[in-house]
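For reference, positions follow the sequence shown, starting with 1. Note: hydrogens, waters and symmetry copies are ignored here, and every other heavy atom, side chains too, is used.
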Amino acid sequence: MPYTKNIWILGSRVKGDLSTEHFTLKEEEVGELRKGEILCRALFISVDPITRVHLAYADPGQPIPGRQVARVVESRNPDYPKGKLLIGSMGWSSYSVIDPTVTQILGGREIPLIETLPRQLDNAPLPKSTALGLLGIPGLSAYIGLTEVAKAKAGETIVISSAAGQMGHLVGQIAKELGLKVIGYTGNSEKASWIKTELGFNWAFNYRTQDVNQTLKIAAPEGVDIFWDAVGGSFTSKVLNHMAMFGRVIMVGNLSAYDNLADVQRIPVLDLAITLKELCITGFNVYRYYHLWDKAREALTEMAKDDKIKAYEHTVEGFETIPQALLDQLDGVSQGKVIVRI
């Protein structure tokens, strides 16, 4: 049967603030499948802050990237029969024609464009959308980043920026399970209350209304061992001055600059705390640890089954809502993992 797909593309070059006017919804007819190809229908599409960085450098007409959970609806590949559920980088598209043999180089690793849904979902009471959140890039980054990169140890103190976001709210809960003291910073008081009362953070602050230096003197008088930094800018500089000796900084994003990449706030060069406290500052790309994904998913699934972690999903309905969902995420309207159900 013939299929028509909807696809979001960049309508005009982004200069300054992002708006819905930068996005264009395009309609295309789906052609006949070649041997080995499959046709997938999107069920859930992930909305991610990093998309803003891509849009800053993309040319008009380019499809918007993103990951999704999809179902095979037509197939000319015996390994991918109709009805099979997949996860992969299929972008903001309602239907996708895929060659399952295609790979991409990410983090220096050869990563499949699509994969079957994580096997852990077969026997766990978790929704399929979990493949984009807890068992997707946010959850994998949180678990692998803490255990393999930061080498987190019980008794240490961690500070998390964007602590109510798709990754931060998981990092805090995993850190608690590992025995760390957890301090989270968010952009409003409601989110700060949420991560403390519902998610169990030891301390939670609104960095817009509560002084970072003063709150860290209270919450981390002996210094910060691990700083999970998704924000960058002046906030990072303030936390660096409260790091303990040999502290570790895990850089996973730069939210403070995503809407103004031409004029990024910078850490004072070089922040003296880095030298005097012998800090280790590490960039982190979870794709480099692809070989550990299955192990991480096992651990995360067990935590969820035992109610030791709550993976919050902010679900938005309808393909047409994706651009606004991204804008709301960047503006701090949403919390947890933002997912659009198609």
Work out which heavy atom in K151 is nearest to a heavy atom in E156; give both atom names and the distance.
O-OE1, 4.2 Å
Can you label the angle between the W8 ring and the F319 ring as parallel, tilted or perpendicular, going by 30° and 60°?
parallel
With no hydrogens and no angle check, is any side-chain donor or acceptor of S75 less than 3.5 Å from a backbone partner on Y80?
yes
Run the numbers on L106 and R288 for side-chain contact (heavy atoms from CB on, under 4.5 Å), then give the verdict.
CA-CA 7 Å; L106 296 169; R288 187 161 77 85; over 6 Å; no
Taking every non-hydrogen atom, the tightest pair across K176 and G200:
CE-O, 3.2 Å
Which pair of heavy atoms, one from G11 and one from T24, lies closest together, and at what distance?
CA-OG1, 3.3 Å
Does Q68 use its side chain to pair, donor to acceptor, with the backbone of S46 at less than 3.5 Å?
no
Taking atom NZ as the centre, does K277 end up with more than 12 heavy-atom neighbours from other residues, nucleotides or ligands that are less than 6.0 angstrom away?
yes
Which atom of M167 lies closest to which atom of W228, heavy atoms considered:
SD-CZ2, 3.5 Å
Membership question, hydrophobic clusters at under 4.5 Å side-chain separation (ILVMFWY): are M90 and Y287 in the same one?
no
Short side-chain donor-acceptor distance under 3.5 Å, Q210 and T215
no
When you check the side-chain N and O atoms of R13 and H22, is any donor under 3.5 Å from an acceptor?
no
Answer yes if I9 and F23 sit in the same cluster of Ile, Leu, Val, Met, Phe, Trp and Tyr residues linked by side chain heavy atoms under 4.5 Å apart, and no otherwise.
no
Looking only at side chains, do D229 and T236 share a donor and an acceptor under 3.5 Å apart?
yes
Sort and list the pairs that fulfil salt bridge (Lys or Arg N to Asp or Glu O under 4.0 Å) and have at least one residue in residues 115-128, not counting sequence neighbours.
R119-D294, R119-E298
Does the side chain of S129 pick up a donor-acceptor pair with the side chain of K337 at under 3.5 Å?
no
Main chain of I195, side chain of H169: is a donor-acceptor contact present, judged purely on distance under 3.5 Å?
no
Please find the pair of heavy atoms, one from I98 and one from C40, that lie closest to each other, and give the distance.
CG1-SG, 4.4 Å
Assess the side chains of D48 and T51: does a donor N or O sit below 3.5 Å from an acceptor N or O?
no
Correct closest heavy-atom pair for G36 and N77 would be O-ND2, 3.0 Å
Could you check whether any side-chain N or O of R341 sits under 3.5 Å from a backbone N or O of E317, counting only pairs where one atom can act as donor and the other as acceptor?
no
Can you see whether T101 engages D99 through a side-chain donor-acceptor pair at a distance of less than 3.5 angstrom?
yes
Judged by modelled atom types alone, do E222 and T157 share a side-chain donor-acceptor pair under 3.5 Å?
no
Per the ring pair (Phe, Tyr, Trp, His ring centres under 6.0 Å) rule, which among F201, F205, Y207 passes with Y185?
F205
Without hydrogens or angle criteria, can the side chains of Q329 and S334 be said to hold a donor-acceptor pair below 3.5 Å?
no
Working to the nearest 0.5 angstrom, can you tell me the gap between L121 CG and R297 CZ?
8.5 Å
For residues 69-94, pull every pair meeting salt bridge (Lys or Arg N to Asp or Glu O under 4.0 Å), keeping only residues two or more places apart or in separate chains.
none
Rounded to the nearest 0.5 Å, what separation is found between the CD atom of Q120 and the CG atom of L135?
6.5 Å
With sequence neighbours excluded, residues passing side chain to side chain contact (heavy atoms under 4.5 Å, CB included) with E320:
none
Parallel, tilted or perpendicular: which describes the rings of W293 and Y290, with under 30° parallel and over 60° perpendicular?
perpendicular
